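Heads up, the thing below is written out as structure tokens.
Keep in mind that this is a model prediction, so the values were computed, not measured.
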Amino acid sequence: MLNERRADFVIGGGDQVYCDTNHKSQIQDVWVWLKNNKNALLATYRKPDGSLNEPAIIDYFTKLYRTYYRIYWQFEHLRYVYRRFPQYMIWDDHEIMDGWGSLTAKERKAKICNFFQDDDEDANYELVMLMFKAAAQAYLEYQHAHNPDSKIINDDPDASEWDYHFDQGAYGFYMLDVRGHHDCELPDGQRLLGAEQFRRFKKWINSASIKKKKAIFICSPVPVVHWTESAVNTLDFGGQKDDFMDEWGHETNHKERNAMLELLLARSAESNIPIVILSGDVHCASAFQITHCTTYPKARLFNVTSSAISRKPAPGIATAAMQKSAEIDGFEGGRFEQMFRFAGENNFAIINADCRDNDLKLTATLYWAEPGSESVTQQVIKLVS
């Protein structure tokens, strides 16, 4: 389909590898490996003064993360796409740890805690954070290195800027990083993007050059709208806690989400520019329009989600839990208008933007097929016509 449509480029919107795999895949979960081998690691890399040889541990962990890229990126069809089309990528949680950023420090320590052992919690936490540094190094080497430049500080992913932007003709793109600075224990309004990234994004979208674009595309690996928000805020416990706390619609992220929606709706309305948020993460497909008829009646804001191409899709029954047309919980005057939703099969999306004689046509075509199928089903969604 990319060849037929003569695609300009491909966006890898997160979870390009899974370092936390399962027994069925017969690929070792790196965090289970760490839990089982941490004592040997600590014994090997403990210096005489009792501190850890952090550079050596990071180097060891980075080699582990590189292995996952070599496994997941070895398939011929994937390599063909990577060779044939320019790639813009951004990470999500599975390049680091399932639910990274939605677990508290205590929960991250518990991730590698062994019962009935005299665990050193401080050492556990140090290993977890060294693993994050290693994940960031591997991500830099395999994904971020071919993205447009951003401020990267070696061995300090917390101080690095993983978000970036680029232009494609008359269209502006911004890739939001919802993992590198995601921390559910940060102050309200800063948990997904962090204060500094939000300031960078606000400066970009309010810049003179962006106000002149024909359309704006924002990549948010986690959708702004997906699951029914009542479910997000009532089922956020146990094994589902991190998945739901990842969501923009979770009540702990409402302040940040509302600030983002205000920014996007205002820019769209004031500059008469359609804005499309592109998302993945949830292994489903959907399209929504986000409206605010009282304050921003002329705004054209959409969220298009597609995933996953090869990873197991969410079951078809998950469609029932996806957001329907409704008022936006916690965002007075806002509304989600459902345009399409689908779960149960592998899927991907192609965005088509065509502007002739100043007449913009913008569509999202969602494709899905069973694994191994020779044909695909498609649904064309007209965003701007």
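H181 places a side-chain N or O within 3.5 Å of a backbone atom of S160 that can act as its donor or acceptor partner. The backbone N or O of N114 sits nowhere less than 3.5 Å from a side-chain atom of K35 that would complete a donor-acceptor pair. In this structure, E337 contributes its side chain and F288 its backbone to no donor-acceptor pair below 3.5 Å. Side chain of N37 to backbone of W33: a donor-acceptor contact under 3.5 angstrom is found. Judged by distance alone, the side chain of S220 and the main-chain N or O of V222 form a donor-acceptor pair under 3.5 Å. Panel note: side chain T62, backbone Q137; no donor-acceptor pair is recorded below 3.5 Å. A distance-only check finds no donor-acceptor pair linking the side chain of E196 to the backbone of G194 [under 3.5 Å]. A donor-acceptor pair is defined here as one N or O able to donate and one able to accept, closer than 3.5 Å; such a pair exists between the side chain of E107 and the backbone of T104. Looking at D188, its side chain never comes within 3.5 Å of a backbone N or O of K255 through a donor-acceptor pair. Panel note: side chain H292, backbone T295; a donor-acceptor pair is recorded below 3.5 Å.
Side-chain contact, Q379 with Y367: no donor N or O sits under 3.5 Å from an acceptor N or O. N303 and S279 form a side-chain donor-acceptor contact under 3.5 Å, judged by distance and modelled atom types alone. Between the side chains of H144 and S150, at least one donor-acceptor pair of N or O atoms lies under 3.5 Å. Counted by atom type alone, N347 and S306 present zero donor-acceptor pairs between their side chains at under 3.5 Å. For N206 and K211, the side-chain atoms include no donor-acceptor pair closer than 3.5 Å.
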Test log, rule side-chain contact (heavy atoms from CB on, under 4.5 Å), inputs L2 and Y80: CA-CA 11 Å; L2 290 170; Y80 174 79; over 6 Å; no
Evaluation steps, side-chain hydrogen bond (donor to acceptor under 3.5 Å, both in side chains), between K312 and N346: CA-CA 7 Å; K312 182 179 179 180; N346 303 84; over 6 Å; no
side-chain hydrogen bond (donor to acceptor under 3.5 Å, both in side chains) between E95 and Y68, worked out: CA-CA 9 Å; E95 280 97 345; Y68 290 90; over 6 Å; no
Evaluation steps, side-chain contact (heavy atoms from CB on, under 4.5 Å), between W31 and V128: CA-CA 9 Å; W31 291 94; V128 168; 4.0 Å; yes
Residues D163, Y174; criterion side-chain hydrogen bond (donor to acceptor under 3.5 Å, both in side chains); working and verdict: CA-CA 8 Å; D163 53 300; Y174 202 104; 2.6 Å; yes
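Partners of W100 according to the ring-ring contact (aromatic ring centres under 6.0 Å, His included) rule, which considers only residues two or more places apart in sequence or in another chain, are F132. Every side-chain contact (heavy atoms from CB on, under 4.5 Å) that E327 has, sequence neighbours left out, goes to R335. When the ring-ring contact (aromatic ring centres under 6.0 Å, His included) test is applied to Y171, no partner is found at least two apart in sequence or on another chain. Scored by the ring-ring contact (aromatic ring centres under 6.0 Å, His included) test, F342 finds W368 as partners (sequence neighbours excluded). Remark: D354 pairs with N352, R356 by the side-chain contact (heavy atoms from CB on, under 4.5 Å) rule, at least two apart or across chains. With sequence neighbours excluded, no residue forms a side-chain contact (heavy atoms from CB on, under 4.5 Å) with K203. Looking at residues two or more places apart in sequence or on another chain, you find no ring-ring contact (aromatic ring centres under 6.0 Å, His included) involving F336. Checked against side-chain contact (heavy atoms from CB on, under 4.5 Å), R79 has the following partners two or more places apart in sequence or in another chain: Q74, E76, R83.
Using a cut-off of 4.0 Å between Lys/Arg side-chain N and Asp/Glu carboxylate O, D183 and R191 are scored as not salt-bridged. A salt bridge links K213 with D167: at least one charged nitrogen is closer than 4.0 Å to a carboxylate oxygen. Note on D92 versus R179: salt bridge recorded, some NZ/NE/NH1/NH2 to OD/OE distance being below 4.0 Å.
Taking hydrophobic clusters as Ile, Leu, Val, Met, Phe, Trp and Tyr residues chained together by side-chain heavy-atom distances below 4.5 Å, F217 does not share a cluster with M260. Linking ILVMFWY residues whenever their side-chain heavy atoms come closer than 4.5 Å, directly or via other members, leaves Y125 and L186 in distinct clusters. F302 and I277 fall into different hydrophobic clusters, where Ile, Leu, Val, Met, Phe, Trp and Tyr residues are linked whenever their side-chain heavy atoms come under 4.5 Å apart, directly or through other members. When the side chains of ILVMFWY residues are joined at heavy-atom separations under 4.5 Å, either directly or via intervening members, L64 and V32 end up in two distinct hydrophobic clusters. Using a 4.5 Å cut-off between side-chain heavy atoms of Ile, Leu, Val, Met, Phe, Trp and Tyr, with links allowed through other members, L261 and L193 fall into the same hydrophobic cluster.
Within the 4.5 Å cutoff, no side-chain heavy atoms of F166 are placed close to those of N147. Residues F61 and L127 meet the side-chain proximity criterion, which asks for heavy atoms closer than 4.5 Å. Within the 4.5 Å cutoff, the side chain of V276 has heavy atoms near those of the L383 side chain. Within the 4.5 Å cutoff, the side chain of D8 has no heavy atoms near those of the F85 side chain. Taking 4.5 Å as the limit, some side-chain heavy atom of W227 sits within range of a side-chain heavy atom of M322. Between K324 and R341, some side-chain heavy-atom pair lies under the 4.5 Å cut-off. Within the 4.5 Å cutoff, no side-chain heavy atoms of D120 are placed close to those of E126.
In E185, the CD atom is crowded: over 12 heavy atoms of neighbouring residues, nucleotides or ligands sit closer than 6.0 Å. The environment of I153 atom CD1 is dense: over 12 non-hydrogen atoms of other residues, nucleotides or ligands sit within 6.0 angstrom. Within 6.0 Å of CD1 in I309 there are 12 or fewer heavy atoms belonging to other residues, nucleotides or ligands.
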Could you pull out every donor-acceptor pair under 3.5 Å between side chains of residues 9-18 and any protein atom, sequence neighbours left out?
| from | atom 1 | to | atom 2 | distance (Å) |
| --- | --- | --- | --- | --- |
| D15 | OD1 | H94 | N | 3.1 |
| Q16 | OE1 | G14 | N | 3.1 |
| Q16 | NE2 | G12 | O | 3.4 |
| Q16 | NE2 | I90 | O | 3.2 |
| Q16 | NE2 | Q143 | OE1 | 2.7 |
| Y18 | OH | H283 | NE2 | 3.1 |

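Residue pairs meeting the side-chain hydrogen bond (donor to acceptor under 3.5 Å, both in side chains) criterion with at least one partner in residues 40-49, sequence neighbours excluded, are D49-S51. Pairs of residues two or more places apart, or lying in two chains, that qualify as salt bridge (Lys or Arg N to Asp or Glu O under 4.0 Å) and include a residue from residues 129-141 are R66-E141. Listed by first and then second residue, the salt bridge (Lys or Arg N to Asp or Glu O under 4.0 Å) pairs involving residues 276-302 amount to none (not counting sequence neighbours).
Y82 and W73 have perpendicular rings, their planes meeting at more than 60° on a 0 to 90° scale where under 30° would count as parallel.
Here S102 contributes atom OG and D93 contributes atom CG; the two are 8.0 Å apart, rounded to the nearest 0.5 Å. Going from atom CG of D20 over to atom CD of Q28 covers 11.5 Å, rounded to the nearest 0.5 Å. Q323 contributes atom CD, which lies 10.0 Å from atom NE2 of H226 (distance to the nearest 0.5 angstrom).
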